Amino acid sequence: MNALSERIARLIRFSGPISIAQYMAMALHDPACGYYATQDVIGAGGDFTTAPEISQMFGELLGAWMVRAWRAQNCPSPSRLVELGPGRGTLLADVLRTARQDTNFLAAHEIVLVEASARLRERQAALLEGAGAVNIRWCDSFDEGLCDRPLFLLANEFFDALPMRQFAYNERGWCERMVGTSDSGALRLALSPSPVPLRIPEHRGTPQPGSVYEVCPGGEAVVQQIASVIAQHGGAALIVDYGYGAEPGFGDTLQAVAQHRFADVLENPGEADLSAHVDFAALAKAAVDSGAVAFGPVAQGTLLMALGIEKRAERLMREAPANAADVAAALDRLVSGEQMGKLFKALAILPPGASAPAGF
Ligand code: SAH
């Protein structure tokens, strides 16, 4: 048991079992021992590799998408460019390099990075300020200060890291899956003794005994806020993550990953990344309920192909033939169905009346 699991076990002894969401929040964000506070998380030397870390093409195409969305709304100014969970800052650096081709876009935007980890903020500042980006600020969460002007927002692998709750179906109904302790004091999963009333989206189908339903109230709340700013002031959000589309099904998707391998979810909290499938249908519904329109989700491979990733790859190969094999491998990783192309999906949120954006 590490120091954080001992602390969690003590909390449980005094207050009773905690929800999976509370457990995730402590494991990821505890200021002393949490994963994002202590680990070097992203990239080949970290625990997992994300699309912008695979290739610059990802950020360049998303950057061009944003500039296009801004132009399609008659270039609003002043406007705000926000990224949720920017990691090492690579995606935003690639977006800004592409956006620089339209100097009006940069001049119109205040840039805000929503980042909970002090450690990652430092990395982001070093990369972006080194690349000459100005007019940047940081905040801890999507707050009131981001609600007064048009909003152009990006989020890649942010929603999968948000704490979610799990409910298991049994003869009593839906009982919440909780984290408790065994007699020896180790953390273990347990079910809440009494069932809770739940309304399950119809497209999920009929639950069987043992079915697990996951819900991410924090993710839905952020999307509601984003969508109401976009509905009111204009803008566009592009959310990319791994997860469910509108297909039916139930499942326990909570996973722990350390050094590019799966780990036990309850062992050594704070030392592995915890994430879960994103329910895109639920996010789209949250956006529509808040007065915006949602497009997608479309598969990441489909979106990147529609945005011209093959052409971009050919050009990079021509410019630097020595890197051709790396570019081809990155292209395959981003778009092929066996790799990130299908499991990863993109959702776009636009103001009411907007027509479908590029790639959707
Ligand atoms: N978008 C990046 C990093 C993804 S990892 C990339 O594609 O490489 C998740 C990121 O979200 C990290 O930067 C993490 O610190 C941040 N994060 C996770 N939960 C958060 C929360 N609740 N509030 C703010 N930032 C959070």
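Keep in mind that this is a model prediction, so the values were computed, not measured. We use all heavy atoms of the structure for the numbers below, so side chains are in, but hydrogens, waters and symmetry mates are not. Whatever order the structure lists them in is the order used to number ligands and atoms, beginning at 1.
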State the atoms of ligand 1, each with its element, that fall below the 4.0 Å cut-off from a heavy-atom position in [X].
X	value
T50	6 (C), 7 (O), 8 (O)
P86	2 (C), 13 (O)
G87	2 (C), 3 (C), 13 (O)
L120	12 (C), 13 (O), 15 (O)

Sub-4.0 Å heavy-atom contact, [X] with ligand 1:
X	answer
R88	no
D140	yes
L162	yes

Could [X] and [Y] be called an ion pair, given the rule that one side-chain N must be under 4.0 Å from one carboxylate O?
X	Y	answer
R68	D102	no
R204	D279	yes
E115	R121	no
R97	E60	yes
E319	R315	yes

Applying a 4.0 Å heavy-atom criterion (strictly less than), which segment of P52 is in contact with ligand 1: side chain, backbone, both, or neither?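 For P52, only side-chain atoms sit under 4.0 Å from ligand 1.
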
Which is closest to atom 21 (C) of ligand 1 in terms of heavy atoms, F158, F58, Y35?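 Considering heavy atoms of F158, F58, Y35, the nearest to atom 21 (C) of ligand 1 sits in F158.
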
Looking at non-hydrogen atoms alone, which of H29, E83, M24 comes nearest to atom 20 (C) of ligand 1?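 The option holding the nearest heavy atom is H29.
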
For ligand 1, which is the ligand I care about here, please tell me if [X] has any N or O atom under 3.5 Å from one of the ligand's N or O atoms.
X	result
E115	yes
N156	yes
G85	yes
S117	no
A116	yes

With a 3.5 Å distance limit and no angle check, can you tell me whether D241 reaches the backbone of V278 through a side-chain donor-acceptor pair?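 Not confirmed, D241 side chain does not pair with V278 backbone.
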
Would you mind checking which non-hydrogen protein atom is closest to atom 4 (C) of ligand 1, with the distance to 0.1 Å?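 Closest protein heavy atom to atom 4 (C) of ligand 1: E157 O, 3.4 Å.
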
Under the criterion side chain to side chain contact (heavy atoms under 4.5 Å, CB included), which of [options] is the partner of [X]?
X	options	answer
Y35	D30, L274, L4, L28	L28
L151	V112, I349, I226	I226
Q166	I20, L189, V215	I20

Compare every heavy atom of A299 with every heavy atom of G341, then report the nearest pair and how far apart it is.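 Heavy atoms only, the tightest pair is O-CB, 3.3 Å.
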
